[in-house]
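Quick notes on the structure that follows.
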2 protein chains.
Amino acid sequence: MGKKRVTLADVARLAGLSTTAASMILTGRPDTRLSPEAHKKVHDAAASLGYRPNVAARALRTDKSRSIAFISDYVATTRFASGLIRGALSAAEQAKHVMLVLETGGEPAREIQAVETALDRQVDGLIFAAMRAREVFVPDLAINVPVVMLNGTSARFPISVLPAEYEGGRRAVELLVSSGITKDIVLLGHNAKQEEGLFRSETISRRFMGIRDAMADAGLTFAAELSCWNWEPNFGYDLTRKLLKTQRPRALLCLNDRLAFGAYQALGEAGIRTPEDVALVSFDNDELASYLRPGLTTIGLPHEEMGSRAVELLLAPSRIPQTNLIDMPVVMRGSLPHNCS
Amino acid sequence: MGKKRVTLADVARLAGLSTTAASMILTGRPDTRLSPEAHKKVHDAAASLGYRPNVAARALRTDKSRSIAFISDYVATTRFASGLIRGALSAAEQAKHVMLVLETGGEPAREIQAVETALDRQVDGLIFAAMRAREVFVPDLAINVPVVMLNGTSARFPISVLPAEYEGGRRAVELLVSSGITKDIVLLGHNAKQEEGLFRSETISRRFMGIRDAMADAGLTFAAELSCWNWEPNFGYDLTRKLLKTQRPRALLCLNDRLAFGAYQALGEAGIRTPEDVALVSFDNDELASYLRPGLTTIGLPHEEMGSRAVELLLAPSRIPQTNLIDMPVVMRGSLPHNCS
DNA sequence: CCGCTTTGCTAAATCCATTTAGCACATGCT
DNA sequence: AGCATGTGCTAAATGGATTTAGCAAAGCGG
């Protein structure tokens with residue numbers, strides 16, 4: 001049975017050198033004094049035997065496993081998750097790390113489990129991802145590896161990656177303005193007065209601020225602000241229908257694509273055309289947005305980039321505490337009128 | 001610095017026993033002859049020190065790591081992926097395993113990388129997941145751990161988990177029939193004659209067969225079969241628009257929810273009501289399906305269950321080669337007329 | 001009381017790579 | 001020649017668990 005794996009000792013034997021030499025050469029130590037011939041012999045031997053280091057043995061010795069844990073509250077529920085995971089995955093792959101994915105459902109018991117499981121496996125870092133940006137509960141365990149908060153924040157761990165919501169909010173308004181729309185703009189999904197004191201999340205409030213500041217800068221006010229807590233299509237639909245009974249907006253600034261989706265449905269039923277009659281801008285760049293007719297112009301949530309940035313920060317040698325804001329790209333589609341200015 | 005982790009030796013020392021004893025007790029060996037008092041002492045010591053075994057050390061010795069690798073072609077691109085991952089994750093958690101997620105983009109080089117990486121880490125099993133069901137390329141490496149194919153098949157690895165498409169196909173037709181619809185049914189997304197010889201995938205052809213058999217059993221034929229290769233909303237829209245120019249169907253049997261989405265758009269524009277004028281049934285149970293108005297009745301792809309089944313099979317002691325067909329549930333919403341029979 | 005089995009437990013080897021400490025030889029300088 | 005320095009390499013310890021082989025004491029039958 002040639003079944004056993006090739007070990008470093010086998011390589012060393014074939015190369016006619018010690019395992020010490022083989023180890024130093026294969027791990028590429030810098031100030032080793034081994035001869036070029038030794039290097040060649042070891043590399044050749046390793047290649048011809050198809051040597052692959054035993055990660056467990058290496059981890060045992062070095063306390064590093066070239067792996068990171070991605071601990072998130074929900075992985076499936078949302079279109080968000082996969083973008084974050086995918087981004088993280090690709091950055092991890094680039095850095096020759098693997099990624100353990102753990103889901104906690106937001107339950108403290110499972111969070112503790114997840115952290116312990118990860119730490120048991122000598123992960124080199126932890127990413128706490130939240131599907132809705134917020135202050136994240138992190139179990140109160142001794143964590144002796146770097147931590148990055150992804151799409152969330154934590155007082156204990158000051159490095160976080162968030163979308164640049166303020167700027168994104170501004171952009172949505174600027175898009176409207178530069179399309180020549182300066183009145184009868186309705187905000188769909190939030191009403192500042194009604195929601196006074198209610199807190200949605202870290203990031204969403206920044207989105208609101210960006211929107212409000214940009215409106216003020218342009219000297220505009222909303223014709224109406226329609227509040228709803230869950231930004232799901234049916235609410236967008238209901239709100240828009242109700243709106244259309246009393247007024248005819250020129251534009252809908254929707255707080256996410258699902259609301260916009262509902263709005264499309266209500267507008268469609270009412271025989272109102274987009275963008276000729278009513279223009280729309282929205283947030284997220286959901287898969288949905290590209291399915292709509294006309295395509296929905298939206299300020300995208302940069303999930304993949306956030307995911308990969310999180311991993312890069314985690315693995316970076318100098319990790320400066322700070323919140324990293326990732327740019328929210330404007331995704332132009334057809335829901336705004338062309339401006340010929 | 002009490003920083004160092006607690007080791008088994010520490011536990012043994014506190015319990016006043018050997019590490020051998022501690023190990024045997026904590027791993028719950030069956031036919032050990034250690035006394036009940038010894039058991040208690042070791043467990044107490046472990047608890048009071050907060051002992052957690054070093055997984056790397058254990059893996060080194062036993063060649064088992066309580067981890068599995070989930071190797072998929074695409075994780076983000078599709079709504080499918082997260083369901084599969086989530087299901088797998090929860091089954092893994094239940095079995096006290098962790099899951100490495102690896103993405104290959106379908107590129108052979110990355111597939112090889114992924115398998116080697118996984119094997120290097122002593123994973124206890126490999127899941128190859130395909131986002132589109134198909135015969136999957138598996139790199140020709142010596143793989144000495146169990147493998148399960150998820151949403152795909154491979155000649156080399158006979159254990160696979162697939163949706164029960166044939167039965168699902170039948171159900172879609174039966175739904176129509178039991179709603180009292182027996183004529184003017186149009187199949188959206190496939191035309192048997194035009195696509196003769198073209199192969200979409202393992203599973204989709206079974207869906208077709210189920211549909212055709214059920215139609216035949218009910219003595220029905222399609223009023224039209226509209227072919228298109230990519231089942232995306234815009235094709236559903238175009239096809240439906242074209243269809244409506246020449247005929248008025250009673251029902252659309254859509255081959256997936258995205259096509260159905262496009263069909264909704266075309267129907268809406270034409271002022272045709274669902275389900276009164278045209279009924280729809282579809283496949284997948286995409287997130288989309290619940291957003292539509294009325295909700296889309298669809299035969300769901302059981303992603304989560306597939307994912308967890310794959311892990312269960314992987315970890316099951318007796319692994320019988322076979323393809324495991326997971327039931328596709330009927331998800332009733334409002335796109336079929338109520339039948340008062 | 002002797003020899004045999006059972007009970008309860010442990011010493012030491014093992015898994016494999018990394019790393020510390022240091023050996024043997026060559027070279028350079030005075 | 002004598003000593004320091006540099007060069008090229010290795011023996012052995014190490015990390016933390018599991019596992020094999022086996023020891024000492026107690027129990028039992030005759």
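In what follows, chains carry the letters A, B, and so on, assigned in the order in which the sequence lines appear, proteins first and then strands, with residues in each chain numbered from 1. Predicted, not measured: the structure shown is a model, and the values here were computed from it.
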Look at the side chain of [X] and decide which nucleotide, out of [options], has an atom nearest to it.
{"X": "A:T27", "options": "D:dT18, C:dT18, D:dA17", "value": "C:dT18"}
{"X": "B:A21", "options": "C:dG8, C:dT10, D:dC9", "value": "C:dT10"}
{"X": "A:R29", "options": "D:dA17, D:dG8, C:dT20", "value": "C:dT20"}
{"X": "B:Y51", "options": "D:dA17, C:dA17, D:dT19", "value": "D:dA17"}
{"X": "A:R33", "options": "C:dT18, D:dC9, C:dC9", "value": "D:dC9"}

Can any side-chain N or O of [X] pair as donor or acceptor with the backbone N or O of [Y] at less than 3.5 Å?
{"X": "B:R156", "Y": "B:P139", "value": "yes"}
{"X": "B:R5", "Y": "B:N54", "value": "no"}
{"X": "A:D124", "Y": "A:I68", "value": "no"}
{"X": "A:S67", "Y": "A:H97", "value": "no"}
{"X": "A:T62", "Y": "A:R58", "value": "yes"}

Using whole Å, what does the distance between atom [atom2] of nucleotide [N] and atom [atom1] of [X] come to?
{"X": "A:R66", "N": "C:dT18", "atom1": "CZ", "atom2": "C1'", "value": "15 Å"}
{"X": "B:L49", "N": "D:dG16", "atom1": "CG", "atom2": "P", "value": "14 Å"}
{"X": "A:D63", "N": "C:dA17", "atom1": "CG", "atom2": "P", "value": "17 Å"}
{"X": "B:L8", "N": "D:dT19", "atom1": "CG", "atom2": "C1'", "value": "13 Å"}
{"X": "B:Q122", "N": "C:dC16", "atom1": "CD", "atom2": "C1'", "value": "10 Å"}
{"X": "A:D10", "N": "C:dC16", "atom1": "CG", "atom2": "C1'", "value": "10 Å"}
{"X": "A:R13", "N": "D:dT10", "atom1": "CZ", "atom2": "C1'", "value": "15 Å"}
{"X": "A:I25", "N": "D:dC9", "atom1": "CD1", "atom2": "P", "value": "8 Å"}

Counting distance alone, no hydrogens or angles: does the base of [N] have a donor or acceptor under 3.5 Å from a partner atom on the side chain of [X]?
{"X": "B:S18", "N": "C:dA11", "value": "no"}
{"X": "A:T20", "N": "D:dA11", "value": "yes"}
{"X": "A:R61", "N": "D:dT14", "value": "yes"}

Sugar-phosphate, base or nothing in reach of [X], heavy atoms under 4.0 Å:
{"X": "A:A38", "value": "sugar-phosphate"}
{"X": "A:L26", "value": "nothing"}
{"X": "B:S23", "value": "base"}
{"X": "B:T7", "value": "sugar-phosphate"}

Checklist line | A:T19 side chain near C:dC16 phosphate (N/O to OP1/OP2, under 4.0 Å) | finding: no

Note to self: Quick check: do A:Q113 and A:L102 have side-chain heavy atoms less than 4.5 Å from each other?
What the structure shows: no

Notebook entry, point to check: Starting at the 5' end of DNA chain C and moving along, which residue's nearest nucleotide shows up first, B:L60 or B:K41?
Noted result: B:K41

